[in-house]
K.L.:
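Can you read through this structure? Questions will come right after.
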Amino acid sequence: MLTGKASKTFIILILILLPFSSSEGDDLYCVSLKKGFKISKNIHYSIMWMDFNVTNADIFRIPHKPQGWIFELSSNSFGGCVLWFPGGVTLNYFYDDFVVIKKKPGVNLSEVGLHLEFSDYEISYYDNDTKSDEAEKRYTFTNKYFSIHRCKDKSY
């Protein structure tokens with residue numbers, strides 16, 4: 001049994017420490033593009049620009065900035081483009097936690113909206129390694145194309 005003074009002290013400690021019990025990492029989520037997007041082995045993808053937007057969350061960090069890219073960042077979006085053609089990234093860039101978001105307080109993860117759009121330069125080859133086609137194509141991805149998981153284990 002706790003005495004009156006000890007129980008008051010215990011209650012005060014709980015009230016003081018309660019706000020610190022939920023660390024910032026609890027609302028951090030890593031975002032990756034699902035690998036279900038089909039890539040032909042005969043097509044070379046070179047992504048030249050991209051734009052990512054999030055609703056009901058904020059951009060917390062971009063873990064890996066591709067070399068040769070410039071980015072514009074705001075609290076709920078970031079976009080960028082390649083400075084020179086050889087600096088284009090492949091689709092693999094988006095497969096490995098390309099952005100960390102922080103969910104807004106009181107928002108369920110299902111209410112967070114994700115939108116990625118990018119343009120790439122595609123070169124198709126025939127089986128004999130002869131070029132068959134070149135084109136710039138634009139792709140758009142929304143929530144169903146993303147994998148979202150907590151980032152607590154990473155040092156973000």
K.L.:
Is Ser147 reaching over with its side chain to a backbone N or O of Lys34, donor-acceptor style, under 3.5 angstrom?
P.N.:
no

K.L.:
Testing the basics here: between Ile148 and Tyr29, what is the closest heavy-atom pair and its distance to 0.1 Å?
P.N.:
CG2-CB, 3.6 Å

K.L.:
Any side-chain heavy atom of Asp120 sitting closer than 4.5 Å to one from Met48?
P.N.:
no

K.L.:
Can you confirm whether or not the ring centre of Phe98 sits under 6.0 Å from the ring centre of Phe52?
P.N.:
yes

K.L.:
So how far is it from Asp51 CG to Glu72 CD, rounded to the nearest 0.5 Å?
P.N.:
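One gets 9.0 Å once the value is rounded to the nearest 0.5 Å.
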
K.L.:
With a 4.5 Å heavy-atom cut-off, do Thr142 and Leu114 have their side chains touching?
P.N.:
no

K.L.:
Quick check: Phe118 with Phe94 (ring centres under 6.0 Å apart)?
P.N.:
yes

K.L.:
To the nearest 0.5 Å, what is the distance between OG (Ser119) and CD1 (Ile47)?
P.N.:
9.0 Å

K.L.:
Measure across Trp69 and Met50 and return the closest heavy-atom pair with its distance rounded to 0.1 Å.
P.N.:
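Nearest heavy atoms, Trp69 then Met50: CZ3-CG, 3.6 Å.
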
K.L.:
Determine whether Ile101 and Phe60 make a side-chain contact, defined as any pair of heavy atoms from C-beta on separated by less than 4.5 Å.
P.N.:
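Result no, sub-4.5 Å side-chain heavy-atom pair not found.
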
K.L.:
Let's go through Val99 and Ile59 carefully: what are the C-alpha distance in whole Å and the side-chain angles of both, what is the deciding distance for side-chain contact (heavy atoms from CB on, under 4.5 Å) to 0.1 Å, and is it a yes or a no?
P.N.:
CA-CA 7 Å; Val99 66; Ile59 305 290; 4.0 Å; yes

K.L.:
Any side-chain heavy atom of Thr55 sitting closer than 4.5 Å to one from Asn76?
P.N.:
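No, side chains not in contact.
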
K.L.:
To the nearest 0.5 Å, how far apart are NE2 in His64 and CZ in Arg61?
P.N.:
8.5 Å

K.L.:
Could you give the distance from SG (Cys151) to CG (Leu28), rounded to the nearest 0.5 Å?
P.N.:
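Taking SG in Cys151 and CG in Leu28, the distance rounds to 6.0 Å.
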
K.L.:
Minimum heavy-atom separation for Val100 and Cys30, please, with both atom names.
P.N.:
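The pair with the smallest heavy-atom distance is CG2-SG, 4.2 Å.
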
K.L.:
Indicate, with yes or no, if Val31 and Leu91 share a hydrophobic cluster defined by side-chain heavy-atom contacts under 4.5 Å among Ile, Leu, Val, Met, Phe, Trp and Tyr.
P.N.:
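Yes, same cluster.
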
K.L.:
Once rounded to the nearest 0.5 Å, what's the spacing between atom OG of Ser46 and atom CD of Glu136?
P.N.:
10.5 Å

K.L.:
How about Asp97 and His149: does a side-chain donor come under 3.5 Å of a side-chain acceptor?
P.N.:
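Short answer, yes.
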
K.L.:
Ignoring hydrogens and geometry, is there a side-chain-to-backbone donor-acceptor pair from Asn143 to Val112 under 3.5 Å?
P.N.:
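At least one qualifying donor-acceptor pair exists.
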
K.L.:
Honestly curious: do Trp49 and Ile62 fall in one hydrophobic cluster under the side-chain, below-4.5 Å linking rule?
P.N.:
no

K.L.:
Say whether, by atom type as modelled, one donor and one acceptor occur between the side chain of Asn56 and the main chain of Glu111 under 3.5 angstrom.
P.N.:
yes

K.L.:
Within a reach of under 6.0 Å around OH of Tyr93, are more than 12 heavy atoms found that belong to other residues, nucleotides or ligands?
P.N.:
yes

K.L.:
Say you draw a straight line from CG of Leu109 to NZ of Lys103; how long is it, rounded to the nearest 0.5 Å?
P.N.:
7.0 Å

K.L.:
Measuring only between side-chain heavy atoms, which start at C-beta, is Glu117 closer than 4.5 Å to Tyr139?
P.N.:
no

